[in-house]
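Here's the structure we're looking at; comments come further down.
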Amino acid sequence: METIIWGAILRFASAAVQACPTLLIGWLTAAILERVLGREGTFKLFGGSTWRSLPQAWFLGMLLPVCSLGALPIMYQMRKSGISGGTILAFGLTAPLFNPISVLFGLTLATPTTIIVFCLCSFAIVTLAGTIWDRLFESPAQTAAQLPPSPFGWRRVLIVFLSTARQSLDAPTKYAFLGLAGAAILSMFLPPGILQRAANYDDPFAPLTMSGVATFAYVTPMVAINNIASMFEHGNSVGAAFTLLILGTGVNLGMLAWVGVHYGMRRLLGWSLLLTGIVLTFGYALNKPLYPKGVEAADHTHAFDAFCQPFLPGTENLPHLVWQKLNDQARPEELVALALITAAFPIGWIALRAGWIEELMASRPSSVQTAGKYDMVLPPSMIAISCFAGLIAMSVGACYMYYPSRDEILKEMVITNGDLFSAANAFEWDGVERYLPIQEEWIHRLIVSSYLRNQPLSRFQKAKLQVLQMRLELLEHATEVQDREKTQAVVRQMAMSFHRLRQSLRE
């Protein structure tokens, strides 16, 4: 029982750390919608009551780098602006699925056709589900009162900052905690490794099994892309991969609770059955046409180990292991976002109690003529265009930050290769488990970085990359069964493959 409890704590904490960057972006976006665009501006941004509402929700969701938890505060503001439930749910499903970073990463994991088809199918699903919702389940829109326009200049910036902090105290944050709890609850009922054979290509129930598991899991876009990559590399079910993407990334327990509270349990049940039916239909239809050619089907996968209990019965020193795994898995950007979110709670509480936002709103200039010397007065349409352009610029900049230059990536790969080589030679299985996914991720970043900087890899260089990836997979299998003799043989081959890859890239 102790291992189950500590395993659930690890899954909850790990999911919370992963969610911090996208949740923070969701709070900021919700604050901009509330305090800058306002009710009418938000209504127009998402297409209002026109036929463009569903396509615009899908397109904006594709641009915004949020997860299914970060989408909740935005959905909350959309509902307050009187947007239809079908459009809200379409955005809530699309925003966590894809963003420019995850799409570029996905292009290195499978054939470009597969990622493009997945994107188009997601558009078809949210459009179909949103249209049916508006026809069958829609309830009268509940529009909140229009807030007075925010003041000009620095006051507006400060109000957005304080409003972002206050988002941490709003109702969507409670649903976000419930979504994180879903990951912990799921791990308590799934023993270690039980899902390793749940997505085999020849298993007709693989997409159905994945629909039951993924709905309760919390998966970030990048984790979902990595899981899908592992499934394609092992020749697993394409239908199960698609189901994991839509239901695992786009839905969580908190979102389901939000829909049930705001639209009623009857509509929640109808929408859940409708969405699951549509996703499974697409999943089974894509299973054979998109199966990767030249890939030998494996009888297992490690893509779903993060859904299960992380510790075997009898594991000792569990608190130390939980802390060590959290420290190993946390990225720098996640730690920065965690610090900002931690600071947001007291700032938001103080701002709410002291009424800082209300005081700033009351001190706004009565007209353009009375605005401050350095206050820039812009019409709402210009602000909307600026926010949209800023979103695109931020997405492009984030791509170049996430995929640094080839030289920088090679330096990191050299360090990781040394750590991996040392851990394997010393038979430190936890160390190998830690550094293997890091090196695999650097390989995929190298591919994307080369294309972003117009330095595509040659066929010879791609061949060397494939050999290195194969050696890493063999090392993973050897360490899984803790075969010392095989591990030593494979790690030497891996080191030689990495040396040849470096030479080919330098040439």
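Judged purely by atom type and a 3.5 angstrom limit, Asp170 has no side-chain atom pairing as donor or acceptor with the backbone of Pro172. Looking at Ser53, its side chain does come within 3.5 Å of a backbone N or O of Thr50 through a donor-acceptor pair. With hydrogens and angles disregarded, a donor-acceptor distance shorter than 3.5 Å links the side chain of Ser504 to the backbone of Leu501. Panel note: side chain His499, backbone Ala495; no donor-acceptor pair is recorded below 3.5 Å. Between the side chain of Gln56 and the backbone N or O of Leu45 there is at least one donor-acceptor pair closer than 3.5 Å. The closest donor-acceptor contact from the side chain of Arg471 to the backbone of Phe498 lies at 3.5 Å or more, if one exists at all. Between the side chain of Ser211 and the backbone N or O of Leu208 there is at least one donor-acceptor pair closer than 3.5 Å. Of the possible polar contacts, none joining the Ser449 side chain to the Arg445 backbone as a donor-acceptor pair under 3.5 Å is found. Using a distance-only test at 3.5 Å, with no hydrogens or angles considered, no donor-acceptor pair links the side chain of Thr42 to the main chain of Arg39. Counting only distance, with no hydrogens or angles, the side chain of Tyr284 and the backbone of Pro204 share a donor-acceptor pair below 3.5 Å.
Heavy atoms from other residues, nucleotides or ligands lying under 6.0 Å from CD of Glu433 number 12 at most. More than 12 heavy atoms of other shown residues, nucleotides or ligands fall within 6.0 angstrom of atom CZ in Phe282. Environment of CE in Met496: sparse, with no more than 12 heavy atoms of neighbouring residues, nucleotides or ligands closer than 6.0 Å.
The two atoms that bring Ile25 and Pro65 nearest to each other are CD1-O, 3.5 Å, heavy atoms only. Nearest heavy atom pair, residue Cys121 against residue Leu286, reads SG-CD1, 3.9 Å. Residue Leu93 comes nearest to Ile246 through the heavy atom pair CD2-O, 4.4 Å, listed as atom of the first residue, atom of the second, then distance. Annotation for Leu72 and Met255: closest pair CD2-CA, 4.0 Å, computed over non-hydrogen atoms. Among all heavy-atom pairs drawn from Ala224 and Thr249, the shortest one is CB-OG1, 3.1 Å. Of all the heavy atoms in Ser81 and Phe43, the pair that sits closest is O-CD1, 3.4 Å.
We find the CD1-CG distance between Ile32 and Leu37 to be 8.0 Å, quoted to the nearest 0.5 Å. Atom-to-atom distance recorded for Ile83:CD1 and Ile88:CD1 is 6.0 Å, nearest 0.5 angstrom. Once rounded to the nearest 0.5 Å, the distance linking CG of Leu465 with CG of Leu446 reads 5.5 Å. Once rounded to the nearest 0.5 Å, the distance linking OH of Tyr76 with OH of Tyr175 reads 9.0 Å. Tyr435 contributes atom OH, which lies 15.0 Å from atom CD of Glu440 (distance to the nearest 0.5 angstrom). Ile125 contributes atom CD1, which lies 10.5 Å from atom CG of Leu274 (distance to the nearest 0.5 angstrom).
Within the 4.5 Å cutoff, no side-chain heavy atoms of Asn252 are placed close to those of Val219. Residues Leu33 and Ile74 meet the side-chain proximity criterion, which asks for heavy atoms closer than 4.5 Å. Counting only heavy atoms from C-beta outward, the side chains of Leu326 and Ser14 approach each other to under 4.5 Å. In this structure, the side chains of Phe177 and Phe12 come closer than 4.5 Å at one or more pairs of heavy atoms. By the 4.5 Å heavy-atom criterion applied to side chains, Leu180 and Arg11 are not counted as neighbours. At least one side-chain heavy atom of Leu472 sits under 4.5 Å from a side-chain heavy atom of Ile443. The shortest distance between side-chain heavy atoms of Gln309 and Phe189 does not fall below 4.5 Å. Side-chain contact between Arg267 and Trp133 is present, with heavy atoms from C-beta onward closer than 4.5 Å.
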- Go through the steps to decide whether Phe307 and Ser187 satisfy the test side-chain contact (heavy atoms from CB on, under 4.5 Å), and finish with yes or no. CA-CA 6 Å; Phe307 298 163; Ser187 70; over 6 Å; no
- For Leu244 and Val213, what are the C-alpha separation, side-chain angles and deciding distance, and is it a side-chain contact (heavy atoms from CB on, under 4.5 Å)? CA-CA 9 Å; Leu244 170 66; Val213 173; over 6 Å; no
- Evaluate the side chain to side chain donor-acceptor pair (under 3.5 Å) criterion for residues Asp203 and Ser237: first the C-alpha distance (whole Å), next the side-chain angles of each, then the deciding distance (0.1 Å), finally the verdict. CA-CA 8 Å; Asp203 185 358; Ser237 169; over 6 Å; no
- Go through the steps to decide whether Gln167 and Thr173 satisfy the test side chain to side chain donor-acceptor pair (under 3.5 Å), and finish with yes or no. CA-CA 8 Å; Gln167 295 291 328; Thr173 303; over 6 Å; no
- Would Ser450 and Arg406 satisfy side chain to side chain donor-acceptor pair (under 3.5 Å), going step by step from the backbone distance to the final call? CA-CA 7 Å; Ser450 299; Arg406 179 183 294 184; 3.3 Å; yes
- Before giving the answer on side-chain contact (heavy atoms from CB on, under 4.5 Å), spell out for Leu54 and Val126 the whole-Å C-alpha distance, their side-chain angles and the decisive distance to 0.1 Å. CA-CA 8 Å; Leu54 289 173; Val126 299; over 6 Å; no
- Run the numbers on Leu420 and Arg434 for side-chain contact (heavy atoms from CB on, under 4.5 Å), then give the verdict. CA-CA 9 Å; Leu420 183 58; Arg434 173 188 177 186; over 6 Å; no
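A cation-pi geometry, defined here as NZ or CZ lying under 6.0 Å from the six-membered ring centre and within 45° of its normal, holds between Arg79 and Tyr263.
Between Phe242 and Phe118, the angle of the ring planes goes over 60°, which puts this pair in the perpendicular group of the 30/60° scheme.
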